[in-house]
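For reference, the structure is listed below as structure tokens.
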Amino acid sequence: MPAPKITPVILNASPASRALLRQARRYATVDATVLIIGETGVGKDALAHYLHASGPRRREPFVTVDCPALPATLVEAELFGHERGAFTDATVARAGRFEVAGRGTLYLDAVTGLSSSGQGALLRVVEERRVTRLGGTAAIDVRARIIASADATIEELVATGAFRAELFHRLRVLPMQILPLRERREELLPLARTFVSDMAARLRRATPTIETDAEQALARYHWPGNVRELRHVIERVLLAGVGDQIRAADLPVDVLEGQEAYLAPAGTQPPTLEEVERRYIGLTLQVTRGNQTRAAAILGISRKALWEKRKRFGLE
């Protein structure tokens, strides 16, 4: 059976991505935990779906857990479920995410967003392959495959103790790394054309061509938001009513102005990844005029994660 078409965030246009897709096809049939590592917006979610849809569990549920969105006090109730009366608001019994996933896949998105207690609870399940609902006594076997994703800083978090080393190694049985878009630039223009075609089809209009000056502008930009940012840029251009051709002048001003902001002038020290992230978040907040919901949506993170990054980078 041919592998399903992956969401167009990882193409066969670079050696690294061809190797990644070969690895994904092998891992899809192996019943072991996978940890996908990569920056925000590189396509971790799409790769997780690809692993599920390419393997023997494809007809079973694919259940996503947005780890940073889980309050520390509700992690166990969400993951393991609860019986009626287990706590004040538990008016009915509820199955947890592991139960709901059944024999399918449980995808732990941004697993580093779990609280310390949540990490401990997850570690027990990964080790024992059993859960017990809050307020219950019966152990329930975990039959779902676990796929987790994390950003590129997870090893730093392990080194500082912010993320449990035991859990990291338990999840990283089959590790996968997605390179940022700036390190697979062969894919930038093919991706842009794909997004233009897809968006034009959604709008039921003719597909515009990307002119040379626009291609050059896209190629010069650093893309700190990776493929997600590229897709959003293309969508904004087409929604703005561009004609049959996309020129550099049609691109959002933050892309054009960001050319010098992210690429260091010749002879100077390139910015660190942390500095690039700080600048991009600051620019996104400027573009959205401080609208937290819109900025978080563009960045592909939760409002809580945006607040934490603003506090960390001093973007008050």
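Since the structure is predicted, the reported quantities are computational estimates derived from the model, not experimental observations.
- Here the CD1-CG distance, from I246 to D213, works out to 11.0 Å after rounding to the nearest 0.5 Å.
- R193 is linked by a salt bridge (Lys or Arg N to Asp or Glu O under 4.0 Å) to E215, counting only residues two or more places apart in sequence or in another chain.
- Between T40 and N226, every side-chain heavy-atom pair lies at or beyond the 4.5 Å cut-off.
- Of the inter-residue distances, the one linking L191 atom CG with L181 atom CG reads 6.5 Å to the nearest 0.5 angstrom.
- In this structure A249 satisfies the side-chain contact (heavy atoms from CB on, under 4.5 Å) test with no other residue, sequence neighbours excluded.
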Under 3.5 Å, side-chain donor or acceptor atoms of residues 146-159 against the rest of the protein: list the pairs with distances, not counting sequence neighbours.
{"residue": "S149", "atom": "OG", "partner": "Y107", "partner atom": "OH", "Å": "3.1"}
{"residue": "S149", "atom": "OG", "partner": "D109", "partner atom": "OD1", "Å": "3.0"}
{"residue": "S149", "atom": "OG", "partner": "A110", "partner atom": "N", "Å": "3.0"}
{"residue": "D151", "atom": "OD1", "partner": "T153", "partner atom": "N", "Å": "2.9"}
{"residue": "D151", "atom": "OD1", "partner": "T153", "partner atom": "OG1", "Å": "2.5"}

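- Rounding to the nearest 0.5 angstrom, the gap separating the CE atom in M199 from the OG1 atom in T194 is 15.0 Å.
- Here the shortest heavy-atom pairing between F98 and V142 reads CD2-CG1, 3.7 Å.
- Hydrophobic clustering (side-chain heavy atoms under 4.5 Å, transitive across Ile, Leu, Val, Met, Phe, Trp, Tyr) keeps W307 apart from I281.
- No side-chain heavy atom of V131 sits less than 4.5 Å from a side-chain heavy atom of E76.
- Within the 4.5 Å cutoff, the side chain of L230 has no heavy atoms near those of the E235 side chain.
- There is no side-chain donor-acceptor pair under 3.5 Å between E60 and T105.
- Annotation: side chain of E39 is not in contact with side chain of V227 (no heavy-atom distance under 4.5 Å).
- The side-chain contact (heavy atoms from CB on, under 4.5 Å) test applied to E308 returns K304, not counting sequence neighbours.
- Stacking of R278 on the aromatic ring of F313 is not recorded, the 6.0 Å distance cut-off and the 45° axial limit not both being met.
- To the nearest 0.5 Å, atoms CD (Q216) and CD1 (I210) are separated by 12.5 Å.
- No chain of hydrophobic side-chain contacts below 4.5 Å, direct or via other Ile, Leu, Val, Met, Phe, Trp or Tyr residues, connects I178 to L35.
- D141 places no side-chain N or O within 3.5 Å of a backbone atom of R130 that could act as its donor or acceptor partner.
- Distance check: H232 NE2 to E229 CD gives 9.5 Å after rounding to the nearest 0.5 Å.
- In plain terms, the two heavy atoms of A121 and F80 that are nearest each other are O-CZ, 3.7 Å.
- At a threshold of 4.5 Å between non-hydrogen side-chain atoms, the residues K44 and V42 count as touching.
- A pairwise comparison of heavy atoms in P56 and A28 identifies CD-O, 3.7 Å as the closest pair.
- For the residue pair R182 and H222, the shortest heavy atom distance occurs at CD-CE1, 3.2 Å.
- Not counting sequence neighbours, R170 has no partner by the side-chain hydrogen bond (donor to acceptor under 3.5 Å, both in side chains) test.
- With sequence neighbours left out, H52 forms a ring pair (Phe, Tyr, Trp, His ring centres under 6.0 Å) with F62.
- A pairwise comparison of heavy atoms in A24 and L47 identifies CB-CD1, 4.0 Å as the closest pair.
- Taken from CZ in R220 to CG in L188, the straight-line distance is 12.5 Å, to the nearest 0.5 Å.
- For the side-chain hydrogen bond (donor to acceptor under 3.5 Å, both in side chains) test, no residue two or more places apart in sequence or in another chain qualifies with R103.
- V125 and L79 end up in the same hydrophobic cluster when Ile, Leu, Val, Met, Phe, Trp and Tyr side chains are linked at under 4.5 Å.
- With sequence neighbours excluded, no residue forms a salt bridge (Lys or Arg N to Asp or Glu O under 4.0 Å) with R172.
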### Query
Can you list the steps and then say if Y221 with V233 is a side chain to side chain contact (heavy atoms under 4.5 Å, CB included)?
CA-CA 12 Å; Y221 187 52; V233 164; 5.8 Å; no
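- Under the side-chain contact (heavy atoms from CB on, under 4.5 Å) criterion, R22 pairs with R18, A19, R25, R26, not counting sequence neighbours.
- The shortest side-chain heavy-atom distance between L51 and M176 falls under the 4.5 Å cut-off.
- E186 is listed as a side-chain neighbour of P15, based on a closest heavy-atom distance under 4.5 Å.
- In this structure E128 satisfies the salt bridge (Lys or Arg N to Asp or Glu O under 4.0 Å) test with no other residue, sequence neighbours excluded.
- Hydrophobic cluster membership differs between L106 and L174, with clusters built from Ile, Leu, Val, Met, Phe, Trp and Tyr side chains linked at under 4.5 angstrom.
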### Task
Please lay out, stage by stage, how R94 and E99 fare under the test salt bridge (charged side-chain N to carboxylate O under 4.0 Å, His left out).
CA-CA 10 Å; R94 181 183 175 190; E99 278 188 77; over 6 Å; no
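- No side-chain heavy atom of T33 sits under 4.5 Å from any side-chain heavy atom of R145.
- Among residues two or more places apart in sequence or in another chain, the side-chain hydrogen bond (donor to acceptor under 3.5 Å, both in side chains) test is passed with E166 by none.
- Residues F163 and L171 approach most closely at CZ-CD1, 4.4 Å, considering heavy atoms.
- The hydrophobic clustering, which links ILVMFWY residues whose side-chain heavy atoms are closer than 4.5 Å, places L122 and V65 together.
- Applying the side-chain contact (heavy atoms from CB on, under 4.5 Å) test to R310 and every residue at least two apart in sequence or in another chain returns L285, Q292, L306, L315.
- With salt bridges taken as basic N to acidic carboxylate O contacts below 4.0 Å, none links R124 and E127.
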